[in-house]
There are 2 protein chains.
Amino acid sequence: MASKSNIFTIASETGYSVSTVSRVLTGQAEKFRISKKAIDLISETARRVNYQPDLVAQTLRTRQSRTIGLLVPGIDNPFFATLAGIIIKMLGDRGYHTLLADSRESETEEEQALQMFLGRKVDGIISVPVSSSAARLEQISQQIPVVLIDRHFRKTNLPYVCTDNYAGARMAAEYLLQRGYKRILAIQGVRSSMPNQERLRGFEDALKRQAVQYAAVGNAFSVENGHDQTIALFAGADKPFDAVFAFSATILLGAIDAFRELNMKVGKEVGIISFDNNGFLDFLDPAVTRVEQPLREASELAVETLFSIMEARREGRPDPDLLQRLIPPTLVVRSSC
Amino acid sequence: MASKSNIFTIASETGYSVSTVSRVLTGQAEKFRISKKAIDLISETARRVNYQPDLVAQTLRTRQSRTIGLLVPGIDNPFFATLAGIIIKMLGDRGYHTLLADSRESETEEEQALQMFLGRKVDGIISVPVSSSAARLEQISQQIPVVLIDRHFRKTNLPYVCTDNYAGARMAAEYLLQRGYKRILAIQGVRSSMPNQERLRGFEDALKRQAVQYAAVGNAFSVENGHDQTIALFAGADKPFDAVFAFSATILLGAIDAFRELNMKVGKEVGIISFDNNGFLDFLDPAVTRVEQPLREASELAVETLFSIMEARREGRPDPDLLQRLIPPTLVVRSSC
DNA sequence: TAATTTTGCGCAATCGTTTGAGCAAAACGT
DNA sequence: ACGTTTTGCTCAAACGATTGCGCAAAATTA
């Protein structure tokens with residue numbers, strides 16, 4: 001019979017009115033000058049009958065759900081899983097719950113999820129957007145604070161916190177240069193995605209005035225793509241490249257697999273460097289040199305940003321500005337190049 | 001101005017009452033003999049004003065949230081992340097949303113999450129339990145259907161779907177025997193956990209009447225544990241074991257790292273086999289032979305089980321029985337032993 | 001003692017929906 | 001033409017909380 005109790009139960013048990021009970025239970029007792037006697041009796045009774053507020057009713061009445069909608073494009077991707085883990089924890093610490101939706105890289109599912117967030121009256125949204133246009137999110141942002149993470153739109157005033165992919169790619173390419181590689185291949189992910197475009201730009205900017213050859217192929221953040229592109233280019237007798245820059249850990253794995261098939265020694269015959277975090281990369285042989293994204297820092301910043309907007313709006317202030325942040329990734333040097 | 005419209009807006013716009021509007025919008029039109037004219041006008045108006053039902057109000061009134069609470073002990077663990085991904089997708093397909101909570105292996109946080117699920121009026125709970133007792137979940141189960149996944153309690157009537165860890169461990173140990181290994185070391189995870197106990201039992205049962213030596217050490221599903229135990233036992237000149245059975249992928253990684261430090265060739269000087277799924281294991285060199293858990297099948301079964309209970313209860317039938325399932329894992333043979 | 005202030009609390013509306021009960025008008029049967 | 005059924009809809013009460021307003025009794029002041 002747990003939890004069948006509501007505010008009326010307590011009201012009749014104690015002889016006080018529901019208003020008084022509510023005020024006591026929401027901590028507004030002194031504000032309304034409720035007597036100590038009443039406070040004690042009510043709290044005691046609440047405990048005794050194991051009262052738990054109905055969060056749904058509370059939400060309906062107060063228009064606040066203490067819930068944040070978190071939208072990722074693939075929770076089974078370790079990257080987003082870690083992100084989600086951190087964010088859920090941080091929100092929990094602030095007394096907020098998380099409604100998680102997975103758009104699975106589909107604009108349709110993204111729209112459905114957003115619709116659902118609206119219907120569920122979330123207090124804020126943290127999203128890794130997949131759609132190509134910011135329009136819908138900007139529209140929603142007028143009602144509910146939205147913060148973008150990991151991906152953003154080129155022209156938007158939506159707040160975001162992303163990795164500085166340009167700087168990261170540049171860093172990786174320059175490291176390859178420094179290690180003496182002369183013919184460098186980039187294997188890309190989804191070309192239309194912002195991170196990929198930025199990485200490509202960084203890659204090219206780093207190499208274009210240098211005495212090296214380079215190219216960029218591929219079009220998916222997948223193991224297959226990494227594998228197939230590698231086979232396609234390295235299967236012949238003359239090797240056109242001496243180093244590979246994988247734009248994601250999945251791509252990297254595919255490439256490594258391909259090199260194994262081709263019997264090429266990674267680190268010796270061909271250098272390899274990767275984007276993305278993945279603790280796993282340290283256990284490959286050789287351990288993979290990579291550009292790691294500051295996941296924790298980004299998550300923290302995103303949550304803080306969201307709460308600062310929520311607070312501002314609650315107090316009727318305009319949104320704080322300058323909320324678009326690029327965080328520089330870090331180069332983790334191992335022995336694969 | 002999106003979504004400021006409610007059922008009253010539509011009622012006054014169309015001249016019908018809120019009841020009629022509600023019935024049309026919830027698809028109960030013919031049941032209440034609403035005229036085609038009314039249906040058309042109302043649906044059209046709803047579309048025009050971009051009406052989106054307030055799910056919170058709906059939940060309050062109908063006592064149904066179309067939301068399932070999913071509780072995992074660590075969403076950043078790839079295993080649970082994959083699990084969550086599959087489950088979220090499946091629930092989505094059935095028109096349900098997911099409220100995700102992470103207990104982080106803490107009983108306290110688990111209790112908080114459950115409390116939250118109750119307050120949010122979830123229609124069902126899928127949980128990887130961390131607490132040592134089934135009591136609380138059994139109590140909740142009287143109000144809200146609960147299905148356990150991946151972990152269960154020895155004595156409970158709660159429905160669950162878990163890997164058959166006993167069979168899996170046995171399978172692994174027997175495979176090692178078959179490959180001719182004579183001195184086998186198991187590195188365990190958390191000893192108090194049910195999966196670990198079952199694995200240990202399978203391991204011992206497979207070996208105890210055989211002409212081989214064996215031992216089990218360790219007490220954590222962590223990289224460090226795998227590493228440290230390996231170092232402790234293999235650092236000396238005489239190697240006490242010729243094969244290692246890692247009870248999880250994390251343990252395995254630690255062991256592999258240790259063997260690298262010790263300059264021992266995995267697959268040649270020492271055989272190694274692991275529990276757990278992890279696509280990554282194929283990219284290690286040598287690829288790791290392992291016992292894989294049927295994650296997708298388990299998730300599907302869990303969701304189906306949950307829905308069958310929900311349906312039964314909606315119709316006032318008793319819960320279906322025989323809902324405790326152990327799914328046999330599969331041996332994936334690679335070249336590490 | 002009378003006027004004023006403070007203390008402590010209750011009434012009832014409200015959030016946006018759903019739903020049991022009821023009712024007038026139209027259609028039908030005889 | 002008059003009772004009966006069907007059609008098509010409306011009324012108003014929930015669901016469980018929060019909250020603006022108001023008001024009697026007690027305490028204080030003059």
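Just so we're on the same page: letters track the sequence lines, and every chain starts at 1. The model shown is predicted, which means the values in this text are computed figures rather than measured ones.
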Seminar exercise, completed: Residue pair B/Ser19/B/Leu60 against DNA chain C: nearer the 5' end by closest nucleotide is B/Leu60
In whole angstrom, what separates [X]'s [atom1] from [N]'s [atom2]?
| X | N | atom1 | atom2 | result |
| --- | --- | --- | --- | --- |
| A/Leu55 | C/dC15 | CG | C1' | 16 Å |
| A/Lys121 | C/dC15 | NZ | C1' | 10 Å |
| A/Ile34 | C/dT6 | CD1 | C1' | 14 Å |
| A/Ile39 | C/dC9 | CD1 | C1' | 12 Å |
| B/Lys31 | C/dG20 | NZ | P | 7 Å |
| B/Ile7 | C/dT19 | CD1 | P | 11 Å |
| A/Arg66 | D/dA17 | CZ | C1' | 16 Å |
| A/Arg120 | C/dT17 | CZ | C1' | 14 Å |

Is the phosphate of [N], meaning OP1 or OP2, less than 4.0 Å from a side-chain N or O of [X]?
| X | N | answer |
| --- | --- | --- |
| B/Tyr16 | D/dC11 | no |
| A/Gln58 | D/dG16 | no |
| A/Ser22 | D/dT18 | yes |

Exercise. Between B/Phe307 and B/Tyr96, is the gap from one ring center to the other below 6.0 Å?
Worked result: yes
For this session: For the pair A/Glu44 and A/Lys37, find out whether any cationic side-chain nitrogen is under 4.0 Å from an anionic carboxylate oxygen.
Result: no
Which nucleotide wins on minimum distance to the side chain of [X], given the candidates [options]?
| X | options | answer |
| --- | --- | --- |
| B/Phe8 | C/dC9, D/dC9, C/dT17 | C/dT17 |
| B/Ser35 | C/dA13, C/dT19, D/dG8 | D/dG8 |
| A/Arg33 | D/dG8, D/dA17, C/dG8 | C/dG8 |

Exercise. What is the nucleic acid contact for B/Gly119, judged by heavy atoms within less than 4.0 Å: base, sugar-phosphate only, or nothing?
Worked result: nothing
Exercise. Base, sugar-phosphate, or nothing: which does A/Thr59 touch, judged by heavy atoms less than 4.0 Å apart?
Worked result: nothing
Problem set entry | Residue list, side-chain contact (heavy atoms from CB on, under 4.5 Å) with B/Ser133, at least two apart or on another chain | B/Ala135
Exercise. Can you name the closest pair of heavy atoms from B/Ser65 and B/Asp123 and give their distance?
Worked result: N-OD1, 3.0 Å
For this session: Give a yes or no answer on whether the side chain of A/Ser22 reaches the backbone of A/Val18 with a donor-acceptor pair at less than 3.5 Å.
Result: no
For this session: Report the end-to-end axis angle of the helix from C/dT1-D/dA30 to C/dT30-D/dA1; each axis comes from five terminal pairs, and the value is rounded to 10°.
Result: 50°
For this session: For B/Ser103 and B/Glu109, test the side chains for any donor-to-acceptor distance below 3.5 angstrom and give the result as yes or no.
Result: no
Exercise. Between the side chains of A/Gln64 and A/Thr59, is a donor N or O closer than 3.5 angstrom to an acceptor N or O?
Worked result: no
For this session: Let me know, please, whether B/Val18 or B/Phe32 comes out on the 5' side of the other along DNA chain D by nearest nucleotide.
Result: B/Phe32
Seminar exercise, completed: Of B/Arg61 and B/Thr20, the one whose nearest nucleotide on DNA chain D sits closer to the 5' end is B/Thr20
Exercise. Do A/Leu137 and A/Val146 come within less than 4.5 Å of each other through their side chains, counting heavy atoms only?
Worked result: yes
Exercise. Less than 3.5 Å between a donor and an acceptor, one on the side chain of B/Arg23 and one on the base of D/dT10, is that the case here?
Worked result: yes
